[in-house]
*Asks:* 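One structure follows; several queries about it will come next.
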Amino acid sequence: MTGRPPTERVRQAVGEEQRAEAPGARERILDATFALLAEEGRDAADMKRITEAAGVKASSVYWFFKDKDDVVLEAVGHGTLEWMRRKFPLPSAEGGLATAAFTLMRHLTDDFSERVDFWRIGLQMSLPRQGGTVARRVVEMRERSGEEVAAWWSAAEPRLDGGTAAALARLTMSAVGALLIARRADAGFPVRVEAERCGQALGELAGRLAGEPEELPAAAIAAAASSAAAASVTAPRPESDETGSRERILAAALAVLAEEGYRGATIARITRRAQVSTSSVYWVCDNKEDLVRQAVGEAADGWYSTVPAFLPLADPAAWPGYLGTGFERYLMANLSAPDFVLAGLQLTLDEHRDGPTAGYTLYRAIHGTVRERTARWLRTTALAGDPDGEQRAGHLALWTHALMDETFTQLAIARADSVPRRHVRMVVALLEALATRR
């Protein structure tokens, strides 16, 4: 059978064979495809490997699905629905706001140590900026989950208006995504402990919002957008053909990496994107791993120059408002270098079964330097005087940057080019609550 979808006549001709094989076949195909996506990425999910993994004939796949893209789309939806079946309905919102929110976050993340494929694959599939049916399916599923969480917050705290409950739901979903990113960035990050701490912080924040809806740290955020936009500088682009070949190849490598992940960033795709010959690529690099490392390093210079530094404060107690300014400027820096950030997220979310690649190692070092800078600032402000401040500053800095990256991810998925001010304020309020919990 060829790789092309069969005609209706062929589908009818093999119908009896499919019916004999049909019991459970569709679910086995979806399970096998989802497992391949989780282990090796979208490129690994070809028809031959899908049929082998599912234990079915190729004709069976075409009986249920039009082509590979259709299988992948349905497999992502299948994996998402499996997660939703495990998580919904949500636990009772009774028993006090703090206890209920604690239980909610523990419930949403209780299998993160073993099963994070839905969140990881969902993020990876929705990151490419050109979108597509898979990205739309992921967004639809996330919106449905968000509606359930918003209804839960309304039941947990009846004084919340609909808009605030929805905002809390977005924050809750962002926190779950941030926990995944933090765990992928640092295997030692205590997900369960931090998820429970986050649940308590969310309950505290919900109580504040129910009593004083506008009581959010906003000291310096209002003035941040214009100054951040003025300070944001896109990495320089080549201006002539003489100097442009290497830069064009590296830019193409970064763009393909941002869209396809490491395994999908093939030399063939990169040469097509850069519109150069294969020999031109190998003039720039020794191999694909070297090319990705160079692309990440080149883009990092421009991005790093726009990332805000957290400076010492005359009044350490004013840190929430200052963090809000920094958070917004950080998002603006990400928006000015989207391919670098998306490529870094792809590398973070990829499975590195043969060990981390040189590009990922470099990205982690760059990102780690920024986190360490934030941790030192938090140690002298939010956590000043805390006997466990050193370790907690590291965890809170990882929380901060994971929430920044998760927020940027949602901006990328929504194709947005501006910072969601209310969400930033909610995130900062959550970080403030996290910092004050001992």
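Residue numbers start at 1 and run along the sequence shown.
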*Asks:* Evaluate side chain to side chain contact (heavy atoms under 4.5 Å, CB included) for Leu205 paired with Leu171, printing each intermediate quantity in order.
*Replies:* CA-CA 11 Å; Leu205 176 58; Leu171 182 62; 3.6 Å; yes
*Asks:* Taking atom OG1 of Thr400 and atom NE2 of His395, what is their separation to the nearest 0.5 Å?
*Replies:* 12.5 Å
*Asks:* Using the rule given for side chain to side chain contact (heavy atoms under 4.5 Å, CB included), can you reason through Thr348 versus Asp405, listing the C-alpha separation, both sets of side-chain angles and the distance that settles it, and then say yes or no?
*Replies:* CA-CA 11 Å; Thr348 299; Asp405 288 341; over 6 Å; no
*Asks:* Does Glu289 have more than 12 heavy atoms from other residues, nucleotides or ligands lying within 6.0 Å of its CD?
*Replies:*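 Counting neighbours around CD of Glu289, more than 12 heavy atoms of other residues, nucleotides or ligands fall under 6.0 Å, so yes.
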*Asks:* Answer yes when Glu196 and Arg192 have at least one side-chain N-carboxylate O distance shorter than 4.0 Å, and no when they do not.
*Replies:* yes
*Asks:* Any carboxylate oxygen within less than 4.0 angstrom of a Lys/Arg side-chain nitrogen, looking at Glu74 and Arg26?
*Replies:* yes
*Asks:* Do any N or O atoms from the side chain of Thr99 and from the backbone of Gly96 form a donor-acceptor pair under 3.5 angstrom?
*Replies:*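 Looks like no, no N/O pair under 3.5 Å.
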*Asks:* Any salt bridge linking Glu194 with Arg183? Criterion: basic side-chain nitrogen under 4.0 Å from a carboxylate oxygen.
*Replies:* no
*Asks:* Do Val307 and Asn334 have side chains that get closer than 4.5 Å, going by heavy atoms?
*Replies:* no
*Asks:* What's the shortest heavy-atom distance between Thr380 and Ala384, and which atoms?
*Replies:* O-CB, 3.8 Å
*Asks:* Going from CH2 on Trp152 to OG on Ser92, what distance comes out if it is rounded to the nearest 0.5 angstrom?
*Replies:* 8.5 Å
*Asks:* Atom CE of Met404 and atom CD of Glu328: how far apart are they, to the nearest 0.5 Å?
*Replies:*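 The CD atom of Glu328 is 11.0 Å from CE of Met404, to the nearest 0.5 Å.
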*Asks:* Could you walk me through whether Leu291 and Asn287 satisfy the side chain to side chain contact (heavy atoms under 4.5 Å, CB included) test, starting with their C-alpha distance in whole Å, then the side-chain angles of each, then the deciding distance to 0.1 Å, before giving a yes or no?
*Replies:* CA-CA 6 Å; Leu291 178 60; Asn287 50 42; over 6 Å; no
*Asks:* Looking at Phe340 versus Tyr363, is the centre-to-centre ring distance below 6.0 Å?
*Replies:* yes
*Asks:* Before accepting this row, confirm whether a basic side-chain N of the pair Arg144/Glu147 lies closer than 4.0 Å to the acidic partner's carboxylate O.
*Replies:*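 No, Arg144 and Glu147 are not salt-bridged.
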*Asks:* List the steps, then state whether side chain to side chain donor-acceptor pair (under 3.5 Å) holds for Thr172 with Trp153.
*Replies:* CA-CA 10 Å; Thr172 304; Trp153 278 114; 3.0 Å; yes
*Asks:* Is there side-chain contact between Arg293 and Asp290, with heavy atoms separated by less than 4.5 Å?
*Replies:*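 Yes. Closest side-chain heavy atoms under 4.5 Å.
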*Asks:* With the side chain counted from C-beta on, respond yes when Val281 and Val284 share a heavy-atom pair under 4.5 Å apart, and no when they do not.
*Replies:*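 Val281 does not reach Val284 side chain to side chain.
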*Asks:* With the side chain counted from C-beta on, respond yes when Ser154 and Leu160 share a heavy-atom pair under 4.5 Å apart, and no when they do not.
*Replies:* no
*Asks:* For Arg170, give me all partners under salt bridge (Lys or Arg N to Asp or Glu O under 4.0 Å), at least two apart in sequence or on another chain.
*Replies:* none
*Asks:* Which heavy atom of Ser174 sits nearest to which heavy atom of Leu403, and what is that distance?
*Replies:* O-CD2, 4.0 Å
*Asks:* Any idea which heavy atoms bring Trp319 and Leu431 closest together, and the distance?
*Replies:*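 Heavy atoms of Trp319 and Leu431 come nearest at CH2-O, 3.9 Å.
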*Asks:* Which atom pair, heavy atoms only, marks the closest approach of Leu430 to Ala201?
*Replies:*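 Answer, listing the atom of Leu430 first, then Ala201: CD1-CB, 3.7 Å.
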*Asks:* Regarding Arg86 and Glu82, does a basic nitrogen lie under 4.0 Å from an acidic carboxylate oxygen?
*Replies:* yes
*Asks:* Using side-chain heavy atoms (C-beta onward) and a distance below 4.5 Å, is Val292 in contact with Tyr360?
*Replies:*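 Heavy-atom side-chain distance check fails, nothing below 4.5 Å.
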*Asks:* Is any side-chain heavy atom of Gln346 closer than 4.5 Å to one of Glu260?
*Replies:* no
*Asks:* Before accepting this row, confirm whether a basic side-chain N of the pair Glu372/Arg364 lies closer than 4.0 Å to the acidic partner's carboxylate O.
*Replies:* no
*Asks:* Quick one: are Leu90 and Leu108 in side-chain contact, heavy atoms under 4.5 Å?
*Replies:* yes
*Asks:* Drop me the distance from Glu204's CD to Leu434's CG, to the nearest 0.5 angstrom.
*Replies:*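 If I round to the nearest 0.5 Å, the distance is 9.0 Å.
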*Asks:* Rounded to the nearest 0.5 Å, what separates atom CZ in Arg246 from atom SG in Cys285?
*Replies:*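 With rounding to 0.5 Å, CZ (Arg246) is 10.0 Å from SG (Cys285).
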*Asks:* With the threshold set at 4.0 Å, does a side-chain nitrogen-carboxylate oxygen contact exist between Asp111 and Lys87?
*Replies:* yes
*Asks:* Please state whether the rings of His367 and Trp303 are parallel, tilted or perpendicular, taking 30° and 60° as the class boundaries.
*Replies:*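 Because their plane-to-plane angle is under 30°, the rings of His367 and Trp303 count as parallel.
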*Asks:* To the nearest 0.5 Å, what is the distance between CD (Glu432) and CG (Leu396)?
*Replies:*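 It is 11.0 Å, given to the nearest 0.5 Å.
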*Asks:* What are the two closest non-hydrogen atoms of Ile270 and Ala265, and how far apart are they?
*Replies:* CD1-O, 3.9 Å
*Asks:* Minimum heavy-atom separation for Gly199 to Ala101, with atom names?
*Replies:*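 Where Gly199 meets Ala101 most closely, the heavy atoms are O-CB, 3.1 Å.
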*Asks:* Please list all pairs meeting ring-ring contact (aromatic ring centres under 6.0 Å, His included) that have one or both residues in residues 370-390, counting only residues at least two apart or in different chains.
*Replies:*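 Sorted result for residues 370-390: Phe310-Trp377, Tyr322-Trp377.
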*Asks:* Using only atom types and a distance under 3.5 Å, with no angle test, would you say the side chain of Arg269 pairs donor to acceptor with the backbone of Gly264?
*Replies:* yes
*Asks:* Would you call Asp386 and Arg392 a salt bridge, taking side-chain N to carboxylate O under 4.0 Å as the test?
*Replies:* yes
*Asks:* Test His352 against Tyr262 for ring-ring contact (aromatic ring centres under 6.0 Å, His included), laying out the working first.
*Replies:* CA-CA 10 Å; His352 299 278; Tyr262 185 78; 7.4 Å; no
*Asks:* Dump the intermediate steps for side chain to side chain contact (heavy atoms under 4.5 Å, CB included) on Met47 and Val71, then the final yes or no.
*Replies:* CA-CA 9 Å; Met47 284 300 193; Val71 183; 4.0 Å; yes
*Asks:* Are Trp283 and Ile249 close enough that some pair of their side-chain heavy atoms sits under 4.5 Å apart?
*Replies:*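 No. Closest side-chain heavy atoms not under 4.5 Å.
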*Asks:* Under a 4.0 Å threshold between the charged nitrogen and the carboxylate oxygen, would Arg28 count as salt-bridged to Asp31?
*Replies:* no
